[in-house]
**Student:** 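Sharing a structure, written as structure tokens. Questions coming.
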Amino acid sequence: MQYRVQDFLIPLDESASPAEKSAAKAQAEAALKAMRQNQSQATLLSADLGWRKLEQLPAFLRPYVAKMNPGDWAGPLWAENGYHLIRLL
């Protein structure tokens with residue numbers, strides 16, 4: 001089975017302070033809420049990861065994608081480059 005995932009990133013350095021991480025997570029949560037209500041978040045970095053088998057996706061996304069249906073959102077998900085919001089297309 002293949003999945004098509006859109007990934008939105010709130011970039012944050014791994015060495016960010018707890019306060020910076022907290023602020024970025026709050027930004028990610030607000031963005032996710034807006035996107036679930038079909039409001040554009042054009043300022044976020046986004047990428048269509050294309051059609052991939054589950055094992056071809058980044059490891060931190062796999063447990064979420066495996067449980068999602070098309071149109072579903074998940075996040076914020078922490079990774080070494082920041083918080084991710086994902087949508088299964």
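In this text, all values refer to a predicted model and were calculated from it rather than measured experimentally.
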**Student:** Could you tell me the separation between the CG atom of L61 and the CD1 atom of I86, rounded to the nearest 0.5 Å?
**Tutor:**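 The distance works out to 5.0 Å.
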
**Student:** Let me confirm one number: the CD-CH2 distance from Q56 to W51, rounded to the nearest 0.5 Å.
**Tutor:**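 CH2 of W51 is found 13.0 Å from CD of Q56.
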
**Student:** Spell out, as yes or no, whether a donor-acceptor pair under 3.5 Å connects the side chain of E20 to the backbone of S17.
**Tutor:**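 Here the side-chain-to-backbone pair exists.
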
**Student:** Do L88 and M35 sit in the same hydrophobic cluster, where Ile, Leu, Val, Met, Phe, Trp and Tyr count as joined when their side-chain heavy atoms come under 4.5 Å apart?
**Tutor:**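 Looking at the clustering, M35 is in a separate group from L88.
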
**Student:** Assess whether side-chain contact (heavy atoms from CB on, under 4.5 Å) is satisfied between L54 and Y3, documenting all intermediate values.
**Tutor:** CA-CA 7 Å; L54 193 61; Y3 302 87; 3.9 Å; yes

**Student:** With a sphere of 6.0 Å drawn around NZ of K21, does it hold more than 12 non-hydrogen atoms of other residues, nucleotides or ligands?
**Tutor:**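 Atom NZ in K21 is packed in, count exceeds 12.
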
**Student:** Given side chains that start at C-beta, do those of E29 and P76 come closer than 4.5 Å, heavy atoms only?
**Tutor:**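 In short, these two side chains touch, coming nearer than 4.5 Å.
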
**Student:** Below 4.0 angstrom, N of the basic side chain to O of the carboxylate: do D48 and R4 qualify?
**Tutor:**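 Here D48 pairs with R4 in a salt bridge, since their nearest N and O are under 4.0 Å apart.
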
**Student:** Locate the shortest heavy-atom distance separating L89 from P70; write the atom from each residue and the value.
**Tutor:**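 Residues L89 and P70, closest heavy atoms: O-CB, 4.1 Å.
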
**Student:** Could you check whether F8 and W73 have their ring centres less than 6.0 Å apart?
**Tutor:**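 Centroid separation for W73 and F8: below 6.0 Å.
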
**Student:** Rounded to the nearest 0.5 Å, how far apart are CZ of R87 and CG of D7?
**Tutor:**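 The CG atom of D7 is 11.5 Å from CZ of R87, to the nearest 0.5 Å.
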
**Student:** Rounded to the nearest 0.5 Å, what separation is found between the CH2 atom of W78 and the CD1 atom of I10?
**Tutor:**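 It comes to 11.0 Å.
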
**Student:** Drop me the distance from H84's NE2 to Q6's CD, to the nearest 0.5 angstrom.
**Tutor:**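 Result: 13.5 Å between the selected atoms.
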
**Student:** Any side-chain heavy atom of L85 sitting closer than 4.5 Å to one from L9?
**Tutor:**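 A side-chain contact under 4.5 Å is absent here.
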
**Student:** Any chain of hydrophobic side-chain contacts (each under 4.5 Å) joining L32 to L77?
**Tutor:**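 Different clusters.
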
**Student:** Show your reasoning for whether side-chain contact (heavy atoms from CB on, under 4.5 Å) applies to Y83 and Q27.
**Tutor:** CA-CA 9 Å; Y83 284 99; Q27 179 187 358; over 6 Å; no

**Student:** To the nearest 0.5 Å, how far apart are CG in L12 and CG in N81?
**Tutor:**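 Reported to 0.5 Å precision, the distance equals 9.5 Å.
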
**Student:** Please give me the minimum heavy-atom distance between A59 and P63, naming the atom from each residue.
**Tutor:**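 Shortest heavy-atom contact: O-CD, 3.5 Å.
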
